[in-house]
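A short write-up of the structure that comes next.
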There are 2 protein chains.
Amino acid sequence: MADTRHSIPARGENLLFLTDEQLRQGSEAMFFAYRGFTADPDRILADMAYGRAHHRALHFIGRAPGTTVNNLLNILGVTKQSLNRVLRTLVADGLVESKVGRNDKRERHLELTEQGRALEQQLSNAQRARLRAAFRDAGPEAVAGFRTVLEAMMDPEMHQSYTRLRETSP
Amino acid sequence: MADTRHSIPARGENLLFLTDEQLRQGSEAMFFAYRGFTADPDRILADMAYGRAHHRALHFIGRAPGTTVNNLLNILGVTKQSLNRVLRTLVADGLVESKVGRNDKRERHLELTEQGRALEQQLSNAQRARLRAAFRDAGPEAVAGFRTVLEAMMDPEMHQSYTRLRETSP
DNA sequence: TTGGAGTGTCAACAAGGCTGACGTAAACTT
DNA sequence: AAGTTTACGTCAGCCTTGTTGACACTCCAA
């Protein structure tokens with residue numbers, strides 16, 4: 001049978017575009033894709049005493065070295081107790097260094113140690129390999145669309161965090 | 001300053017396209033977007049005695065009525081103990097009906113009750129509202145790209161589940 | 001009839017969220 | 001100078017949702 005369901009709608013079909021079915025497929029795509037997205041680093045982490053939360057902390061500390069605890073809290077969207085539990089083990093294990101702020105001594109500035117960078121690299125490489133393959137298969141235009149939709153899906157505060165990260169490290 | 005970093009790469013730039021920075025932004029976009037994606041239903045569920053796991057079960061039962069426990073297990077990718085805990089409460093609360101199979105009486109076929117459909121609708125509507133807005137803002141081409149990349153990001157088995165769901169309910 | 005598949009369930013545990021409360025030091029305000 | 005707010009750490013306890021392991025039951029198929 002001729003299958004027109006999954007084809008790209010032409011301009012004139014915009015009124016019909018956002019059917020419930022399309023949206024439901026979008027939801028499911030997000031669900032399955034996110035599982036794929038986290039699968040590889042999760043496998044690596046399973047062997048260690050770490051979890052996805054550690055990966056996230058390592059990622060964003062590596063991304064914005066010297067960031068404060070409060071900043072990281074906002075980015076991750078968790079409570080300080082939750083973050084602290086993760087951060088404590090990372091510091092204790094020598095993956096993250098926590099330095100008292102120079103100007104404001106209440107703040108702690110977080111950085112990856114050599115060891116922390118190594119693990120972060122290992123995890124990110126696994127994740128990026130999948131993303132790279134997906135991006136390559138899909139092509140530049142698809143990737144642009146992918147990013148556009150994801151950005152439109154974020155809460156405003158998240159979108160701020162997202163763009164702020166791009167500004168500081170282009 | 002003129003900012004060319006976030007523009008869509010032209011055809012000729014394909015070699016430069018998959019920089020680590022691009023991939024990292026892709027990761028972060030997935031992270032932030034997924035938070036947005038689950039935020040609305042999570043808020044609704046927080047008031048009830050249910051969580052995200054219940055939402056997922058309701059969604060896929062509603063999507064494929066009569067599905068078996070094992071089938072659902074494969075789709076959700078959790079252990080049967082984990083699923084059973086969720087399913088038990090849903091059945092006990094009258095949101096899901098579990099019928100012994102006609103041909104194979106070992107199997108249980110799952111369906112939403114009227115009440116279950118109501119909650120599933122409430123949750124999905126919240127989630128879809130955001131998705132609809134994002135799709136509308138991004139436009140059809142971006143949505144097509146979004147889907148293409150997400151599909152390429154799935155594990156093969158997940159991709160099978162994903163497409164199988166589309167086949168049965170067009 | 002026997003093996004194995006599909007299902008339900010008990011127990012125990014871990015990760016990683018959460019709230020509430022409290023403490024300390026530094027910075028800010030009045 | 002005194003009081004308030006901010007940044008951070010930490011203890012205690014709770015919840016959801018994932019995990020393993022073990023066991024029982026039903027029933028299909030060889």
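Please read these numbers as outputs of a predicted model, since none were measured by experiment. In what follows, chains are A, B, ... by sequence order, proteins preceding strands, each numbered from 1.
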* Can you tell me if the side-chain N/O atoms of B/T79 get under 4.0 Å from OP1 or OP2 in D/dT19? -> yes

* Could you tell me the separation between the NE2 atom of A/H55 and the P atom of C/dG16, rounded to a whole number of Å? => 12 Å

* Roughly how many Å is it from CZ in A/R108 to C1' in D/dT10, rounded to a whole number? -> 13 Å

* Asked: Is A/N71 touching bases, backbone alone, or none of the nucleic acid, heavy atoms closer than 4.0 Å?
  -> nothing

* To do: Record whether the side chain of B/R106 comes under 3.5 Å of the base of D/dT26 through a donor-acceptor pair of N or O atoms.
  => no

* To the nearest 0.5 angstrom, please state how far the CZ atom of B/R35 sits from the CG atom of A/L76. => 7.5 Å

* Think B/R56 has a side-chain N or O under 4.0 angstrom from the OP1 or OP2 of D/dG18? -> yes

* With a 3.5 Å cut-off and just heavy-atom distances, do the side chain of B/Q81 and the base of D/dG21 make a donor-acceptor pair? -> yes

* Are any side-chain N or O atoms of B/D155 and backbone N or O atoms of B/E157, one a donor and one an acceptor, separated by less than 3.5 Å? -> no

* First of A/A49 and A/G77 reached from the 5' end of DNA chain C, by closest nucleotide -> A/A49

* Asked: Taking atom P of C/dG17 as reference, at what distance in whole Å does atom OH of B/Y34 sit?
  -> 14 Å

* **Nearest-angstrom distance from the residue atom CG of B/N84 to P of C/dC10** => 9 Å

* CZ of B/R88 versus C1' of C/dA11: gap in Å, rounded? -> 12 Å

* To do: Could you check whether A/H54 gets within reach of a base, just the sugar-phosphate, or nothing at all, counting any heavy atom under 4.0 Å?
  => sugar-phosphate

* Asked: Does the side chain of A/S82 get closer than 4.0 angstrom to OP1 or OP2 of C/dG16 through an N or O atom?
  -> no

* Identify which nucleotide among D/dC8, C/dT7, C/dA27 has an atom closest to any side-chain atom of A/V69, counting heavy atoms from C-beta outward. => D/dC8

* Using a cut-off of 4.0 Å on non-hydrogen atoms, how would the nucleic acid contact of A/R85 be classed: base, sugar-phosphate, or nothing? -> base

* So what does A/N103 hit on the nucleic acid, given a heavy-atom distance under 4.0 Å: a base, only sugar-phosphate, or nothing? -> sugar-phosphate

* Asked: For the pair made of CG in B/D104 and C1' in C/dG8, what is the distance, rounded to whole Å?
  -> 15 Å

* **Whole-Å gap separating P (D/dT17) and CZ (A/R52)** => 14 Å

* Asked: Can you say whether the rings of A/F37 and A/Y34 are parallel (under 30°), tilted (30 to 60°) or perpendicular (over 60°)?
  -> tilted

* Is there a donor and acceptor pair, one atom on the side chain of A/K80 and one on the base of D/dG9, closer than 3.5 Å? -> yes

* To do: Report yes if a side-chain nitrogen or oxygen of B/N70 is closer than 4.0 Å to either non-bridging phosphate oxygen (OP1 or OP2) of C/dT7; otherwise report no.
  => yes

* To do: Fit a plane to each ring of B/H55 and B/H59, take the angle between them on a 0 to 90° scale, and name the class: parallel (under 30°), tilted (30 to 60°) or perpendicular (over 60°).
  => perpendicular

* Asked: Relative to each other, are the rings of B/F60 and A/F31 parallel, tilted or perpendicular (30° and 60° limits)?
  -> tilted

* To do: Could you state whether A/L83 and A/V100 fall into the same hydrophobic cluster, counting links through intermediate Ile, Leu, Val, Met, Phe, Trp or Tyr residues with side-chain heavy atoms under 4.5 angstrom apart?
  => no

* Asked: To the nearest angstrom, how far is A/L87 atom CG from D/dC8 atom P?
  -> 10 Å

